[in-house]
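Since the structure comes first, as structure tokens, the remarks are kept for the end.
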Amino acid sequence: MLPDQLLAFIQSILQSLSKDENNQIQDFSKLTVEKPKSLSYGDYSTNAALVFAKNFKKKPYELAKLITEKLDLEPNIAKTEIAGPGFINITLEKQALGCIVNTIIDKKSDFGKGDFEKDKNINLEFVSANPTGPIHIGGARWAAVGDALANLLLFAGEKVEREYYFNDHGNQIDNFVNSIIAKYYKNDIPKDGYDGEYIYEIAEKIMPLAEKKFDKLESLNDLELATAKEFIREKSVNIMFGEIKDSLNNFGTHFDIFFHEDDLYKTDEVDQAIEQLREKGYVYEKDGALWLATSKEGDDKDRVLKKSTGEYSYFAADVAYYKNKRDRGFGTCVYMLGVDHHGYIGRMEAVCKAFGDKPGENMIFLIGQFVNIVKNGKVVKLSKRAGNIITLDDLVDAVGVDAARFSLIRSAVSTAIDLDLDLLVSHTNENPVYYVQYAYARCSNVIKNALQFGVDIGKIKSGKGFDSSLLTQTSENDLLTTLASFPDIIKMSAKSFEVHRIARFLETLASKYHTWYSHCRVLPNTPDEIGDLHFARLALNCATAQVLENGLNLLGVSAPKRM
RNA sequence: GCCCACAUAGCUCAGCAGGAUAGAGCAUCCCCCUCCUAAGGGGAAGGUCGCAUGUUCGAAUCAUGUUGUGGGCACCA
């Protein structure tokens, strides 16, 4: 009997009781069936009596009594108990508890998969770093979390595409180009420019080509200089963007779409978007500039679409970009931003409303706090412009992809995390990822040993040749109920866009497995001693491996067969 | 000044659609390999959940206020 079956059963009991009492319950959303905190409470626990006591105008304990009377009639339930203020603790019969092993083995990599509304069609935009430098540590957090979130949502049954918004024009890029030129001629880096070894490397590659084509830059007139700069811009942005893509690939993060800001202008979409909003009465002219009345929809102030110089603002492109996403059929546009851009939410939600959409439904913001790098107990101030950034590549070089991804994912994005690089480098074993991976390696090793004993693992993996009701030890109960909670974890994490829950679940699961492993021997010392209990435990071992693998896959962390 | 996040063990963080004795890892201190991988297990110690009010049968969790920290307030992107 799986948790969701138990939930459905309790729901039906409540319904039948409410008929008796001439009382209808409509909303069951608060009803839960959970693994209780303490093992001594049983396998599962429900809050049914606490939540619905008022509907029945009874004290929780009295309602609990009515419910348990019905629960006790179910053959799969071994014992019920009313505890605390009115919790009902439920202990299942061993065969009902162990059947989760069969389910997992049967569903394999699909175990935990959900079937959400597919019509949502989610666009997940993340990283979207400007090509003015390598991906830094903050981008790395999103690269890990965004990718894992996409995996999670897909697994939960949503339709999702990963998108990177590639901004290759504007002031930042001009600063980038000017910095490259300055660096090459050993001039001072311009104010708001970029510095660092990578600028020099790009300059070394591009500038000789530029000089060959245009002559020394100082000898050019304004028009020629502009042409030369455009040449440098195109080449250097391409190099930078190539490096960014390589870093992301290295990190195991892949995008379905790389969207170029340029395309919005090429196709006139910016004008079209502005026109649409103008028809709705949101656009006006003031001081020679074109404005969007975002304050009508809750923003602090109105925003400029077209500057008095005649150029479009970056914001104008964002407006068009949102419309573009919606026109491409995305019902939900998720923006994953760093805290330094959270001021941006107000105006974008206003845009969303101006188009007649709903923020929170068509437009969702996930705000990620900073990742601080700590050295000698102190937070190091990093800046792309100062050139002392810690890049994604640095991080991967230092700790590897698995450890980097896991440590970035396991914390909620709403909390700032401090990464002590020295600690990560010198004591890599402290990273919980190894704890989880080790559990998987142990599972795999047990399977390997069983094969050497001549056990037909294929038979077990096909769900035959074992009796899961033989799994009666406390540590086995604990492991079984933890495995059974995986689908719920998926559902909850997907609903709340919180991937860190998956990482935390895996840590818990690994812990339960390690405990079980040290308490219950899976295989005997010699092949001829193998009995039914060993087969049952081998099945549990395989089921655990499967769930660990499913979870690690979602996070983009490898599941090694040996360590 | 206005706006947004965050505050839980020595450190890094979970827990927050209100629920039972607030958890994990690391660090500290004990114990466990003649036994499937000790990157493991068992145990000890460690807390006024920033502070104060309120909401209720019940608050780390919700609301208000307050303090502290980080961030944002451009015809920059």
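Hydrogens, waters and symmetry mates play no part in the numbers below; they use all other heavy atoms, side chains included. Everything numeric in this text was worked out from a predicted model, so none of it was measured. Every chain is numbered from 1 and lettered A, B, ... according to where its sequence line falls, protein lines coming before strand lines.
Across rA20(B), rA77(B), rA5(B), the shortest atom-to-atom separation from the side chain of Gln369(A) is found for rA5(B). Distances from the side chain of Ala83(A) to the nucleotides rA17(B), rC76(B), rA20(B) place rA20(B) closest. Closest to the side chain of Pro36(A), from the set rA38(B), rA20(B), rG72(B), is rA20(B). Taking every side-chain heavy atom of Asn167(A) into account, rA77(B) is the closest of rG41(B), rA77(B), rC75(B). Distances were taken from every side-chain heavy atom of Arg442(A) (C-beta onward) to each of rA17(B), rA20(B), rG40(B); the shortest belongs to rG40(B).
The aromatic rings of His341(A) and Tyr344(A) stand perpendicular to each other, their planes meeting at an angle above 60°, with 30° marking the opposite boundary. In this structure, Tyr312(A) and Tyr265(A) have tilted ring planes: the angle between them lies in the 30° to 60° band. Using bins of under 30°, 30° to 60° and over 60° for the plane-to-plane angle, the ring pair Phe241(A)/Tyr164(A) lands in the perpendicular bin.
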Can you check nucleotides 9-14 of chain B for protein contacts, nitrogen or oxygen pairs under 3.5 Å, and list what you find?
unit_1  : atom_1 : unit_2    : atom_2 : d
rC13(B) : OP1    : Ala416(A) : O      : 3.0
rC13(B) : OP1    : Asp418(A) : N      : 2.4
rC13(B) : O3'    : Ser411(A) : OG     : 3.4
rC13(B) : O2'    : Arg504(A) : NH2    : 2.0
rA14(B) : OP1    : Ala412(A) : N      : 2.6
rA14(B) : OP1    : Thr415(A) : OG1    : 2.8

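To the nearest 0.5 Å, atoms CD1 (Ile173(A)) and CG (Asn130(A)) are separated by 5.5 Å.
Counting non-hydrogen atoms under 4.0 angstrom, Ile367(A) reaches nothing in the nucleic acid. Counting non-hydrogen atoms under 4.0 angstrom, Cys520(A) reaches a base of the nucleic acid. Here Asn47(A) lies out of heavy-atom contact (under 4.0 Å) with every strand.
Interface remark: the Asn171(A) side chain does not form any donor-acceptor pair with the rA74(B) base, using a distance-only criterion of under 3.5 Å. If you check distances only, the side chain of His514(A) never reaches the base of rG41(B) with a donor-acceptor pair under 3.5 Å. The base of rC75(B) has none of its N or O atoms less than 3.5 Å from a complementary donor or acceptor on the side chain of Thr309(A).
No more than 12 heavy atoms of other residues, nucleotides or ligands shown are found within 6.0 angstrom of CG on Asp532(A).
Distances shorter than 4.0 Å separate none of the side-chain N or O atoms of Lys30(A) from OP1 or OP2 on rA17(B). Listed pair Tyr61(A) / rA20(B) fails the phosphate criterion, with no side-chain N or O lying under 4.0 Å from OP1 or OP2. Close to rG42(B), at under 4.0 Å from its OP1 or OP2, lies a side-chain N or O of Thr515(A). Within the 4.0 Å cut-off from OP1 or OP2 of rA77(B), at least one side-chain nitrogen or oxygen of Lys307(A) is found.
Stacking between Tyr517(A) and rG41(B) is absent: the aromatic ring centre is not both under 5.5 angstrom from the base six-membered ring centre and within 30 degrees in plane angle.
One finds no salt bridge joining Lys65(A) and Glu62(A) here, because no Lys/Arg side-chain nitrogen approaches an Asp/Glu carboxylate oxygen to under 4.0 Å.
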